[in-house]
Amino acid sequence: MSILDEVRSGKEDIVEYAEECMQKAKGIDREYRYFTAIAEESAIGQAREIKKNFQKYRGKRLLGVMVSAKDAICVKGVESCAGSRILKGYRPLFDATVIERVKREGGIVIGKTSQDEFGFGSFSVNVGLGFPIPLNPFDRGRSCGGSSGGAAGLARKADFPHIALGESTGGSIAAPSSFCGVFGLTPTYGKVSRYGLIDYGNSLDKIGSIGKSVEEVALLQGTIEGHDPKDSTSLSHPHEGYKELKRNVKGMRIGVIKEAFSDAVEKDVQKGVRSGIARLEEEGAVVEEVSLEFPIRYSLATYYLLAMSESSTNLARYCGMRYGQAGELKGNFNEYFSEVRSKHFGEEAKRRIILGTFARMSGFRDAYYIKAAKVRTLIIRHYRKAFGKYDALASPSTPLLPPKFTDIEKLTPLQHYMIDVPVVGPNLAGLPHLNVPVGMEKGLPVGMLLIGDHLQERKLLEMGMVFDGE
Amino acid sequence: MQKFTTDVIIGLEIHAELKTKTKLFCACPTQGSGEPNSRTCATCLGMPGSKPVLNRKAVEHALRVCLALDSGIAKEMVFSRKSYFYPDMSKNYQITQYELPIGTGGSLKLESGKTVSMKRVHLEEDPASLVHPAGVRESSYVLVDYNRSGQPLIEMVTEPEMHSPEEARDFLKQLITVLDYLGVFDSSAIIKADANVSIRESHYTRVEIKNITGFKEIERALGYEVARQREEVREGKAVAQETRSWDSEKGATFSLRKKETEDDYGYIIDPDLVPITIDREYVDGLRSSLPELAQDKLKKFRGQHGIEETTARVLAKDKALAAMYEAVSGEVNPQLAANWVRRELPRVLNYYKKSLGESGITPMHMISLLKLIEQKRITEKTGQRLIEKLGESAFDVEEYVTKEGLGVISDSSLVEQWCREAIKEAPGAAEEYRKGNEKSFNFLVGQVMRKAKGKADPQAVNGVLKGLLRR
């Protein structure tokens, strides 16, 4: 009998168990730096609450499961900074809807995981000032990907029942899941409420689940999905739950994106992903090559223009009033705001504020922001057309194996942005996508990306099960 | 480019608070506690992670305004973020409408019959209010009260078609009347205007005046500004293209900032709010349930009831008075009803500084009072005294008249006795009258009414007095 079964049946004391899990989490954090805040007090408090009202929680989906939340997801009373120093000290007065649902189902929220500041990065090296960079679970000299780096790393390393809540704007679940060798599902835009998520790019942000197995991912994902009246962009699609999933590959039509295997993709990654595709074919999938030149060519530029335009407005509120960091009150309000913002935003945040503001200023707005919005519609059309023919599209999740920190330092911002090429398309189109760990090359994990049509998460999970336990 | 030819060109941008129970994007109440920051939540404070949810009632109200102004209605509701940094902004962007306002075009008729075209109508959230503890210029610090943050505002923009401060004043007055009739605006709520004003002599260099509250102020502010611009030109200076603010206490405008270019707010579509289709059938439903507006009432009062123009206008432009008049005129002579509702009722309300609603005077009170007059059971004088008393606190008129014995005194011997006394006490006046001075007669009537405590039938007094004086 597993420890989780014992907790769920009431044989094992849930408070003692939670304390033990917290100790383990802290041990992992000391070595790998996955947390921005460990919520020991509130986690133990939750365990006590469950113990006291055990009958109420018996049989709940997540009973006894430890859940970590990417720092951008607000947890009541627990410091939530989206990885930025400017929000240091901010303790939300409310739980994000996803947290509310996790707690209601008996999941215990153990802390906030590290990320690139506000999600601005692909390697979790753009952490906010004063935050530690999380380290790859397979090699501490390498990146665990970003921006949900802490989430994916912890999902790999946790030696207790744990599932991670991540968030993706342009690939921030798939990329770190690939680098850390775990399953990471980014759902259809609007399927999971964004209420309580500290915004990056509101038309792109999606909360999803990261775990060691499809089963874990489905368990958490089934809990957090569903309409929320507090988020106007939340879909009213009926709640799925993902119960009774079963391997289902036979006869599935899979389009392998031709342009995603360019020379820019490392040979080891190509090899790993090809072997994953071969595996699906063995299981009865019908595999074909498909060209998606338009999305691959234009997604990156379109994504960055829209995401930066939106984020530059989202970040305006951080000005040293109301919450987070404050400065010495002197000068006029403009001088005060500039002082606080200059001091506490990291370099990448500043870069995106400047670029995003530029793209929406009159004179440039039509050429950049408005044009990007139009191109986005075309990109969605290209994908939809492909889904008329295929159940899923396949590509690498990232073009490279987890890089060394010393190599990342050499990248220019543009090279840094290029890492997102395989993942920005589905993110821009709001399409669900799943990173599947397909094997190891040179001792490092390789991830394959399966992209589905809107609301077709189930298909992706059932295909992903082929790789469960490998 | 528009070609201007008149001496003065004025365009208005008017912001009015819409009457809803909750704020535009959250469930906080719009009314209630005045305690600073007591009516706030994560959304109207702009807390990280909070999200806006649109108030349908505010949209309904805005649609009513569009219908009343005959504006074209958008196919869908789309909101934008208007970005600028200011301490009263909870997010440092305001959720407003930009490319796709809810209403486009339309017009409003002035009292003179002139029509002013509308440019657009849109919905937006109000920022928080800044509190300067020691006055705007002297305070060394500012406090922010977020109670107002997120209140629904409707912005109505006119074409530059007004040609005098008086016209601008009348426009605002007519607009307030429309909003009041629609039930979308609380007449005690704040209505603010920004005005663009330019004069021929400066080749129409545009100056924007901000922060004008109410229709009396708009005439003052624009009057001042037109004179100031003319003075600048007379002194050989150029009128600067700039933004000025109206200081009501000093009665002057002062420069806020010069502007050579349009402000750049970096608008983007607000991605937190999905576009909402405005259903045509729903709009048709609103259109057919639109109440009669002041113009309709005026036509009715003049045409069907035969009320003279000025009285009909006074009644029509005040929703509460019009409703009172309509209820009362169904029961008593419309002419009598119109006179009393137009003159006596406002006189009394004004005296007690109460609104009609606060006074507790209902159509029932007015009907029983006016019926007593119509049936000559009380004199007009008594009626006036009764309505004054009603203004203090309402009561059953019939019952009170009986109890206090206020009915008309028609006992002729008593009237005759008062008349004899009056003549005897003022022989001079009697003599004057006999010489042909009518005023002296009125004086004597007054003396008699005083003795009768206003209860004597004036016609009877007239007759008896004249008879006695002839002898």
Side-chain angles (χ1 to χ4, degrees), chain A residues 72-74 80-82 87 90 92-97 190 193-199 201-205 228-234 306 309-310 312-319 321-324 329 332-334 336-338 341 356-365 369-370 373, chain B residues 24-27 37 40-56 77-96 98-99 127-128 130 140-144 146 149 261-276:
Chain A
I73 300 167
C74 287
S80 299
C81 306
L87 274 170
Y90 173 54
L93 297 167
F94 58 95
D95 273 329
T97 298
S193 167
R194 292 183 298 111
Y195 185 79
L197 172 70
I198 300 178
D199 305 304
N202 321 50
S203 74
L204 294 148
D205 296 345
D228 178 13
K230 288 191 274 191
D231 172 6
S232 308
T233 61
S234 158
L306 292 176
S309 295
E310 291 180 16
S312 64
T313 64
N314 289 324
L315 265 52
R317 71 185 65 188
Y318 308 119
C319 60
M321 282 176 72
R322 301 179 293 271
Y323 41 75
L329 281 174
N332 63 31
F333 75 86
N334 251 329
Y336 174 75
F337 289 175
S338 301
R341 291 164 66 81
T357 305
F358 174 77
R360 59 188 168 83
M361 283 291 125
S362 66
F364 304 100
R365 192 173 175 268
Y369 171 72
I370 298 288
Chain B
L24 188 52
F25 295 114
C26 63
N37 298 308
T40 57
C41 70
T43 299
C44 57
L45 287 171
M47 297 296 238
S50 64
K51 305 280 181 278
V53 177
L54 180 61
N55 179 340
R56 299 288 171 128
M77 277 312 276
V78 177
F79 286 91
S80 292
R81 292 179 172 182
K82 176 181 181 177
S83 295
Y84 63 100
F85 285 85
Y86 207 71
D88 64 3
M89 303 278 287
S90 62
K91 305 177 288 294
N92 283 324
Y93 64 77
Q94 179 192 28
I95 306 180
T96 178
Y98 182 58
E99 282 114 326
L130 296 180
S140 61
Y141 65 97
V142 173
L143 301 172
V144 186
Y146 290 89
S149 175
T261 53
E262 288 294 307
D263 289 324
D264 196 339
Y265 295 112
Y267 287 96
I268 63 165
I269 302 293
D270 192 325
D272 274 337
L273 292 156
V274 284
I276 295 171

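We use all heavy atoms of the structure for the numbers below, so side chains are in, but hydrogens, waters and symmetry mates are not. Each chain gets a letter, A, B and so on, in the order its sequence line appears, and its residues count up from 1.
For the atom pair B:Tyr93 OH and A:Ser312 OG, the distance stands at 11.0 Å (nearest 0.5 Å). The distance from the OG atom of B:Ser50 to the CD1 atom of A:Ile198 is 10.0 Å, given to the nearest 0.5 Å. To the nearest 0.5 Å, atom CG of residue B:Asp270 and atom OG1 of residue A:Thr313 are 7.5 Å apart. To the nearest 0.5 angstrom, A:Asp199 atom CG is 11.0 Å from B:Lys91 atom NZ.
Residue B:Asp272 comes nearest to A:Thr233 through the heavy atom pair O-CG2, 3.7 Å, listed as atom of the first residue, atom of the second, then distance. Here the shortest heavy-atom pairing between A:Ser232 and B:Pro52 reads OG-O, 2.9 Å. Closest heavy-atom contact between B:Asn92 and A:Ala316: ND2-O, 2.8 Å.
Contacts of A:Leu93 with chain B are made by side-chain atoms alone, with heavy-atom separations under 4.5 Å and no backbone atom involved. Using a 4.5 Å cut-off between heavy atoms, A:Asn314 touches chain B through backbone and side chain atoms alike. Of the atoms belonging to B:Phe85, heavy atoms from both backbone and side chain fall under 4.5 Å from chain A. For A:Tyr318, the part sitting under 4.5 Å from any heavy atom of chain B is the side chain, from C-beta outward, and nothing else. With a 4.5 angstrom heavy-atom cutoff, A:Ile370 touches chain B only via side-chain atoms. Using a 4.5 Å cut-off between heavy atoms, B:Tyr84 makes no contact with chain A at all. Neither the backbone nor the side chain of A:Pro92 comes within less than 4.5 Å of any heavy atom in chain B. The contact between B:Tyr146 and chain A is made entirely by side chain atoms (from C-beta outward), counting heavy-atom distances below 4.5 Å. With a 4.5 angstrom heavy-atom cutoff, A:Phe364 does not touch chain B via any of its atoms. For a residue to count as touching a neighbouring chain, one of its non-hydrogen atoms must lie under 4.5 Å from one of that chain's; by this rule A:Tyr369 touches chain B with the side chain only. Of the atoms belonging to A:Ile73, not a single heavy atom falls under 4.5 Å from chain B. At a 4.5 Å heavy-atom cutoff, the contact between A:Met321 and chain B is made by side-chain atoms alone. Using a 4.5 Å cut-off between heavy atoms, B:Ile276 does not touch chain A at all. Heavy atoms of B:Val144 lying under 4.5 Å from chain A belong exclusively to its side chain.
Per-residue counts of heavy-atom pairs under 4.5 Å with chain B were compared for A:Phe94, A:Tyr336, A:Tyr90, A:Phe358; the largest is that of A:Tyr90. Of the residues considered (A:Phe333, A:Phe337, A:Tyr195), A:Phe333 shows the highest number of contacts with chain B, using heavy-atom pairs under 4.5 Å. Of the listed residues (B:Leu45, B:Val142, B:Val53, B:Leu273), the one with the most heavy-atom contacts under 4.5 Å to chain A is B:Val53.
In this structure, the side chains of B:Arg81 and A:Asn202 come closer than 4.5 Å at one or more pairs of heavy atoms.
Checking side-chain atoms of A:Arg360 against main-chain N and O of B:Gly266 turns up a donor-acceptor pair under 3.5 Å. A donor-acceptor contact shorter than 3.5 Å links the side chain of A:Arg365 to the backbone of B:Tyr267. A:Arg317 places a side-chain N or O within donor-acceptor distance of the main-chain N or O of B:Met47, the cut-off being under 3.5 Å.
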*Given side chain to side chain contact (heavy atoms under 4.5 Å, CB included), test B:Lys51 with A:Lys230 step by step and report yes or no.*
CA-CA 7 Å; B:Lys51 305 280 181 278; A:Lys230 288 191 274 191; over 6 Å; no
